[in-house]
Structures are given as structure tokens and as C-alpha cells.
J.: 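Before we start, here is the structure in question, set down as C-alpha cells.
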Amino acid sequence: MKKNNFYKFRSNKHLRSKIITIIIIIILIGAIITFFPHFFRNTYVVTIASKQIKNQDKKDIRYMIYTQMEDGTIRAFQNNNSILEFKFNSEDLYRGLRINRKYEIKTYGFRIIPLASYENIITAKQIK
């Protein structure tokens, strides 16, 4: 007597399509998380109040810029390199910013307090 393997083959194909669907969903979520902050862009006129370098380990260096906005509120920004923005001069930009001087800065991203996420500075232009 011959066995019918049709249903066995069909279930393997169904399982394979589920796995492929899950992999595609994971890739899409990763792409959204990576590109999503780049859609939120702002330009601010700020006065640099303070700067700080945070070292979490030797590889993860964060350049923090603390500013005072035109309306008097204090705001923190980060200044990190970004491959997607073709920005590789974060250390030079950090060293070039002077305390108590006014700048027009362009940023992307948004502030998420529980995740310690800050807007990233793309460019800074001194205002005289």
C-alpha cells in the first residue's frame, strides 16, 4: 500500500511561508526603527550653555551639547556620527562649538526620555 505524502509536503510549504513572512516582518521593523528618526528634522537658534563627553565604554562615545533656547528653556542634544546622514565629523563639530555663543543648529530625531534618546545635531552655524 502506498502512503499519501501530499499533506506532509503541503504542511512543510505552509511552515516555510510562515517563516519567510516572519523574517520579512522583522526586517521591515528594523528598517523602520533605523530610518524613522531621520524623518523628524528641526532647525533651532540656541546658545551653547555646556558641553560634555560621555564614555560608556571605549567604543561608545557620546558628545552631549546643552543649550538654551531663545525662549529661555534648556535643551540637550547629542552630536554623533551618522552613516545615513553622511556625517563623520562629530568630534570636529563638538570642538568647534563655543560656550555662550549663539548658533543655528539643524537636527534630526526626537527626544525619548526613558530611552535616553536625543535629537542629533547635523550642522551648526554661528550667528553673529
Side-chain angles (χ1 to χ4, degrees):
M1 186 156 165
K2 195 174 183 181
K3 287 186 176 181
N4 190 351
N5 289 329
F6 177 74
Y7 293 108
K8 192 175 186 181
F9 176 72
R10 184 174 174 203
S11 66
N12 283 343
K13 190 173 184 182
H14 184 65
L15 179 65
R16 189 178 317 152
S17 68
K18 280 186 178 181
I19 292 172
I20 291 172
T21 304
I22 290 170
I23 290 171
I24 289 172
I25 289 171
I26 290 172
I27 290 171
L28 287 174
I29 289 172
I32 288 171
I33 290 171
T34 301
F35 294 112
F36 190 67
H38 294 272
F39 295 120
F40 296 92
R41 298 182 178 275
N42 292 305
T43 302
Y44 302 103
V45 175
V46 299
T47 302
I48 305 297
S50 177
K51 303 187 299 184
Q52 180 182 13
I53 299 174
K54 288 187 176 181
N55 287 333
Q56 294 176 341
D57 54 8
K58 301 237 184 236
K59 295 178 183 175
D60 188 24
I61 297 176
R62 241 184 188 183
Y63 298 104
M64 298 300 300
I65 312 292
Y66 303 98
T67 64
Q68 183 173 6
M69 308 298 277
E70 288 183 310
D71 63 358
T73 59
I74 303 296
R75 199 147 188 199
F77 296 94
Q78 69 181 1
N79 175 28
N80 293 334
N81 289 333
S82 173
I83 294 172
L84 295 174
E85 296 290 330
F86 298 108
K87 179 188 171 206
F88 304 104
N89 65 342
S90 62
E91 187 172 351
D92 297 335
L93 182 63
Y94 177 82
R95 304 279 183 224
L97 295 174
R98 300 286 174 231
I99 295 175
N100 293 328
R101 294 203 182 156
K102 199 176 243 189
Y103 292 91
E104 178 184 79
I105 61 172
K106 293 184 180 183
T107 65
Y108 73 86
F110 41 87
R111 176 80 168 109
I112 303 174
I113 294 171
L115 299 178
S117 173
Y118 301 91
E119 291 182 64
N120 194 9
I121 297 175
I122 302 168
T123 61
K125 181 178 156 187
Q126 186 175 357
I127 298 175
K128 297 184 180 189

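Computed from a prediction, not measured in an experiment: that's the story for all the values here. Values reported hereafter were calculated over all heavy atoms of this structure, with side chains retained and with hydrogens, waters and symmetry mates removed.
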J.: Count I, L, V, M, F, W, Y as connected when their side-chain heavy atoms are under 4.5 Å apart, and connections chain through other members. Are I26 and I24 then in the same cluster?
T.: no
J.: Angle class for the Y94/Y63 ring planes (parallel below 30°, perpendicular above 60°, tilted otherwise)?
T.: tilted
J.: Got a second to check how far Q52's CD is from Q78's CD, nearest 0.5 Å?
T.: 13.0 Å
J.: Taking atom CZ of F88 as the centre, does the number of heavy atoms from other residues, nucleotides or ligands within less than 6.0 Å exceed 12?
T.: yes
J.: How long is the span from the CE atom in M64 to the CD1 atom in I53, to the nearest 0.5 Å?
T.: 12.0 Å
J.: Would you tell me whether Y44 and R75 have side-chain atoms, one donor and one acceptor, within less than 3.5 Å of each other?
T.: yes
J.: Do N81 and S90 have side-chain atoms, one donor and one acceptor, less than 3.5 Å apart?
T.: yes
J.: Indicate, with yes or no, if Y103 and I127 share a hydrophobic cluster defined by side-chain heavy-atom contacts under 4.5 Å among Ile, Leu, Val, Met, Phe, Trp and Tyr.
T.: no
J.: Looking at CG of N120 and NZ of K106, how far apart are the two atoms once the value is rounded to the nearest 0.5 Å?
T.: 15.0 Å
J.: Measuring from F77:CZ to I105:CD1, what's the distance to the nearest 0.5 Å?
T.: 4.0 Å
J.: Apply the side chain to side chain contact (heavy atoms under 4.5 Å, CB included) test between T107 and each candidate in T123, I122, I121, V46; give the one that qualifies.
T.: I121
J.: Would you say L93 and V45 are hydrophobically clustered, going by side-chain heavy atoms of ILVMFWY under 4.5 Å?
T.: no
J.: Roughly how far, to the nearest 0.5 Å, is CD1 of I48 from OG1 of T67?
T.: 6.0 Å
J.: For side chain to side chain contact (heavy atoms under 4.5 Å, CB included), just list the numbers for E119 and F40, CA-CA rounded to whole Å, side-chain angles, deciding distance to a tenth of an Å, and then say yes or no.
T.: CA-CA 9 Å; E119 291 182 64; F40 296 92; over 6 Å; no
J.: Out of the candidates K87, R62, K51, E91, only one should pair with N79 under the side-chain hydrogen bond (donor to acceptor under 3.5 Å, both in side chains) rule; please name it.
T.: K87
J.: Would you say R101's side chain and T47's backbone share a donor-acceptor pair under 3.5 angstrom?
T.: no
